[in-house]
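To keep things clear, I will list the structure first and then write my remarks on it.
Throughout, residue positions are numbered sequentially from 1 according to the sequence presented.
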Amino acid sequence: MIQLVSKALNLAAHYIIAIVTLDAIFGYITLLQATFTVAITFFGFNLQSAFVRYFFEKKIKHIFDTSFPILLFLFIASLVITFIALIYIDVNNPYYYFSLLPVIGFIHGVVGIISILSRSNYDLVTFAISSLLRPLFVFILAIILIFVKFN
């Protein structure tokens, strides 16, 4: 049910964005989402699959203690790359917000870990919050786009 609501929110958001924005703006948004997926892969390190693999054999604390150096490295790497991108990309550049993707990708990777562990642990509330966080955010941004005018 939660995944169905998540997919429905994403679909509604894309429908709203496609109707409200111009073709060029919709292209930027689509490019941003594709780049976001790549950022999740690089800066989330796909750790959620490793967490699920060892969840039933080890305790959660042991898994987090073992993966802490990797998470710390990925966090620092995402901050450094974001900082460098913010310095070199001009604020007026339409791709300026792409510089935030490494940090956002890392955060989404951590949220993915929380989501998969809560699902494995049958914690419905935490799973619902972590799974619906991104689609709800995208849907709210799509609603905001209705009221914002682009040049």
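- A side chain to side chain contact (heavy atoms under 4.5 Å, CB included) with Pro102 holds for exactly one of Leu79, Val80, Thr82; it is Thr82.
- Residues Tyr96 and Leu86 share a closest heavy-atom pair of OH-CD2, 3.4 Å.
- Cluster annotation: Ile81 and Ile87 are assigned to distinct hydrophobic clusters (Ile/Leu/Val/Met/Phe/Trp/Tyr, side-chain heavy-atom contacts under 4.5 Å, transitive).
- With hydrophobic clusters built from ILVMFWY side chains whose heavy atoms lie under 4.5 angstrom apart, Leu136 shares a cluster with Leu124.
- Nearest heavy-atom pair across Phe106 and Ser78 is CB-OG, 3.8 Å.
- The two atoms that bring Ile16 and Ala142 nearest to each other are CG2-O, 3.4 Å, heavy atoms only.
- Residue Arg119 qualifies as open at atom CZ: its count of foreign heavy atoms under 6.0 Å is 12 or below.
- Rounding to the nearest 0.5 Å gives a distance of 9.5 Å between OG1 of Thr21 and CD1 of Ile19.
- Under the 4.5 Å side-chain heavy-atom criterion for ILVMFWY residues, a single connected hydrophobic cluster contains both Ile89 and Ile104.
- When all heavy atoms of Ile2 and Ala128 are compared, the pair lying nearest together is CD1-CB, 3.6 Å.
- Taking CG from Leu11 and CZ from Phe139, the interatomic distance works out to 10.5 Å, rounded to the nearest 0.5 Å.
- Residue Ile76 is not grouped with residue Leu100 when hydrophobic side chains (ILVMFWY) are merged at heavy-atom distances under 4.5 angstrom, including chains of intermediate members.
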* To do: Test side chain to side chain contact (heavy atoms under 4.5 Å, CB included) on His108 and Leu133 and set out the steps.
  => CA-CA 10 Å; His108 193 274; Leu133 197 62; over 6 Å; no

* To do: Kindly indicate, with the supporting measurements, whether the criterion side chain to side chain contact (heavy atoms under 4.5 Å, CB included) is fulfilled by Ile113 and Leu71.
  => CA-CA 11 Å; Ile113 291 169; Leu71 289 173; 4.3 Å; yes

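- For the atom pair Arg134 CZ and Asn10 CG, the distance stands at 5.5 Å (nearest 0.5 Å).
- Taking the side chain as every heavy atom from C-beta outward, Val5 and Leu132 approach each other to under 4.5 Å.
- Applying the 6.0 Å contact sphere to CG of Asp90 captures more than 12 heavy atoms from other residues, nucleotides or ligands.
- With hydrogens and angles ignored, the 3.5 Å screen pairs a side-chain donor or acceptor of Thr30 with a backbone N or O of Phe26.
- In terms of modelled atom types and a separation under 3.5 Å, the side chain of Ser130 and the main chain of Phe127 share a donor-acceptor contact.
- Residues Ile114 and Ile129 do not share a hydrophobic cluster, defined by chaining ILVMFWY side chains whose heavy atoms lie under 4.5 Å apart.
- Side-chain contact, Ser131 with Ser115: a donor N or O sits under 3.5 Å from an acceptor N or O.
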